[in-house]
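First the structure, in the form of structure tokens, and then the observations on it.
Excluded from the calculations below are hydrogen atoms, water molecules and symmetry mates; all remaining heavy atoms, backbone and side chain alike, are included.
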Amino acid sequence: MINYKSLLASACLAFSFTSTAVVSAQTPQQQEANFERYGPFFFFPDKPELLIYTGQVGANDLLNLKKALRENPAVNTLILSNNPGGLVHIGLVIAEEVYERGMNTYIPPDSYCASACSFVFFAGKNRVADGRLGVHQISAPELSGEQAQFGVSDIVATLPKYGVSADVLGIMFSTPAKDMYYFSPQEVVKYGINRTGETQVASVQPVQPNSGNVTTPSHVSPAQAPQQAARPSDANANPQQQHNAPSAMPAMNDENKAMNVAALMIQTGSANNDDAMAFVNEYYADTVDYFKKRRPKAEILQDKNSYFSRWPVRRFVVDESSLKAKCENGLCAVYGLYDYTVSSPDRNKQSSGTSNFTYVLDLQDNYRIVHEDSEVVKR
């Protein structure tokens, strides 16, 4: 059984709430007089600023959340307890609700939040993962065909707005849907997953494009998932004070979004061949200026498939400090550098180095690529 007293006490400690009252250790089934239930959401009057979200992400969750918040307007923090995810599109709309309301999110110790639940966590204005946070590729059996692709595009366009780094997105999109990647305590710190202050976004400076010969895309290969993620220390942070008088979260402009999307596109090339090809199919427009020649999408897919087959083991790491972008008239040009290491065990061959890249993304077509060029600058 879930120890609701422990969850609420942990959240109070994590976000430095001044109230000290907690509910008894009994579960909601044992303490019906002390809580109100809204589907998977539980509200305890003794902790009016907290709302617990437990169980799978289901079809009616947004309606239940809105009702809970309407009837309990003091709620400002959502506790994500043992939530394995569920419906992708519902996870995204709940995340947007959390983001628009400026709510905090929290994963308690000995709890987990994974898959579609992770979208909700990332949307928190202040967010702390004392428990396990898990991500993987989108798996949406309730959607199919173009709808599923729209879900991928939604994630690509939305999560950077929440201050999610390209590295985190790369791990998400290179972890097969049947697996789950749980971030280690070190990665929670490294990738800025916990947030108790302002979101940091990359600087944007227009530069002139580089061009030349080819090399290809993508990302960092995830390690085995840890059994538990611990909270990094943050002695000076007081998320509750920040919630009451928050600084405005920096807006993600078109340039920032385009840089995040471009980095993700490169990093997902680290996935296995089938998954990498699925992303290629999603990312490219029907016709592309591809290495100084206008080509149909079918030719690009053939070229990428040939590259992935030649180098089946790939690791791509984007240098985020190198990213530059300029957007105008519905198009964004993105430039940067990435390190690559590729190998073919069957051929006993390996290659590594650094390449620059240039993408032009069409904002009106879900940031799909309409121009690509790159050149190896160091081997």
Side-chain angles (χ1 to χ4, degrees), residues 146 149-150 152-161 165-167 169-170 173 201-219 251-270 276-308 316-340 354-377:
E146 292 183 0
Q149 291 182 357
F150 180 71
V152 172
S153 298
D154 263 1
I155 294 169
V156 169
T158 300
L159 293 190
K161 179 176 71 174
S165 75
D167 285 324
L169 292 172
F173 281 92
V201 295
S203 62
V204 179
Q205 301 175 20
V207 299
Q208 294 303 313
N210 295 315
S211 61
N213 295 323
V214 332
T215 357
T216 24
S218 250
H219 155 84
M252 288 292 290
N253 58 25
D254 288 340
E255 280 84 0
N256 293 128
K257 291 178 183 178
M259 287 189 293
N260 277 281
V261 171
L264 173 62
M265 289 170 173
I266 289 177
Q267 292 181 169
T268 52
S270 296
M277 284 304 300
F279 289 119
V280 168
N281 187 58
E282 166 70 10
Y283 290 152
Y284 286 85
D286 292 337
T287 305
V288 180
D289 290 325
Y290 189 69
F291 297 99
K292 303 178 177 62
K293 182 178 179 181
R294 193 151 184 82
R295 296 188 179 184
K297 183 176 181 178
E299 289 187 15
I300 297 169
L301 294 177
Q302 184 177 18
D303 184 62
K304 296 295 185 184
N305 187 57
S306 176
Y307 179 86
F308 294 152
F316 300 87
V317 182
V318 175
D319 178 1
E320 293 195 40
S321 67
S322 73
L323 295 175
K324 306 288 186 288
K326 181 175 177 60
C327 299
E328 58 185 18
N329 300 323
L331 299 174
C332 285
V334 184
Y335 322 101
L337 299 170
Y338 65 90
D339 296 326
Y340 66 90
T354 301
S355 178
N356 62 32
F357 71 89
T358 301
Y359 284 148
V360 176
L361 310 177
D362 185 351
L363 275 61
Q364 306 305 313
D365 189 22
N366 290 317
Y367 290 85
R368 287 188 170 89
I369 299 170
V370 295
H371 171 98
E372 178 180 350
D373 210 342
S374 68
E375 182 179 17
V376 174
V377 296

Interatomic distance, Cys327 atom SG to Leu363 atom CG [nearest 0.5 angstrom]: 5.5 Å

What is the minimum heavy-atom distance between Tyr367 and Leu361, and which atoms define it? O-CD2, 3.6 Å

Would you say CD of Gln302 has more than 12 non-hydrogen atoms from neighbouring residues, nucleotides or ligands within 6.0 angstrom? no

Heavy-atom pair with the smallest gap, counting every atom of Glu372 and Lys304: OE2-NZ, 3.2 Å

On a heavy-atom basis, which atom in Met259 and which in Ala325 lie closest, and how many Å separate them? CG-CB, 3.6 Å

Can you say whether the rings of Phe357 and Tyr338 are parallel (under 30°), tilted (30 to 60°) or perpendicular (over 60°)? tilted

Val288 versus His371, closest heavy-atom pair with distance: CG1-N, 3.8 Å

Can you name the nearest heavy-atom pair linking Tyr284 to Val280, along with the distance? CD1-O, 3.1 Å

Spacing of OG1 belonging to Thr358 relative to CD1 belonging to Ile369, to within rounding of 0.5 Å: 11.5 Å

As an exercise, state the distance from CG of Asn356 to CG of Leu337, rounded to the nearest 0.5 Å. 6.5 Å

Show, in sequence, the C-alpha distance, side-chain angles and deciding distance for Asp373 and Lys292, and conclude whether the side chain to side chain contact (heavy atoms under 4.5 Å, CB included) test is met. CA-CA 7 Å; Asp373 210 342; Lys292 303 178 177 62; 2.8 Å; yes

Could you work out, with side-chain contact (heavy atoms from CB on, under 4.5 Å) as the rule, every residue matching Leu331, not counting sequence neighbours? Val360, Asp362, Val370

Verify side chain to side chain contact (heavy atoms under 4.5 Å, CB included) between Arg368 and Tyr283, making sure each step is shown before the conclusion. CA-CA 5 Å; Arg368 287 188 170 89; Tyr283 290 152; 5.9 Å; no

Here the gap from Leu301 atom CG to Arg295 atom CZ, rounded to the nearest 0.5 Å, amounts to 12.0 Å

Closest non-hydrogen atom pair between Ala262 and Tyr359, with its separation: CB-CD1, 3.7 Å

Using side-chain heavy atoms (C-beta onward) and a distance below 4.5 Å, is Val334 in contact with Lys324? no

Roughly how far, to the nearest 0.5 Å, is the OG atom of Ser355 from the CG atom of Asp319? 12.5 Å

Nearest-0.5 Å distance, CD of residue Glu328 to CD of residue Glu255: 9.5 Å

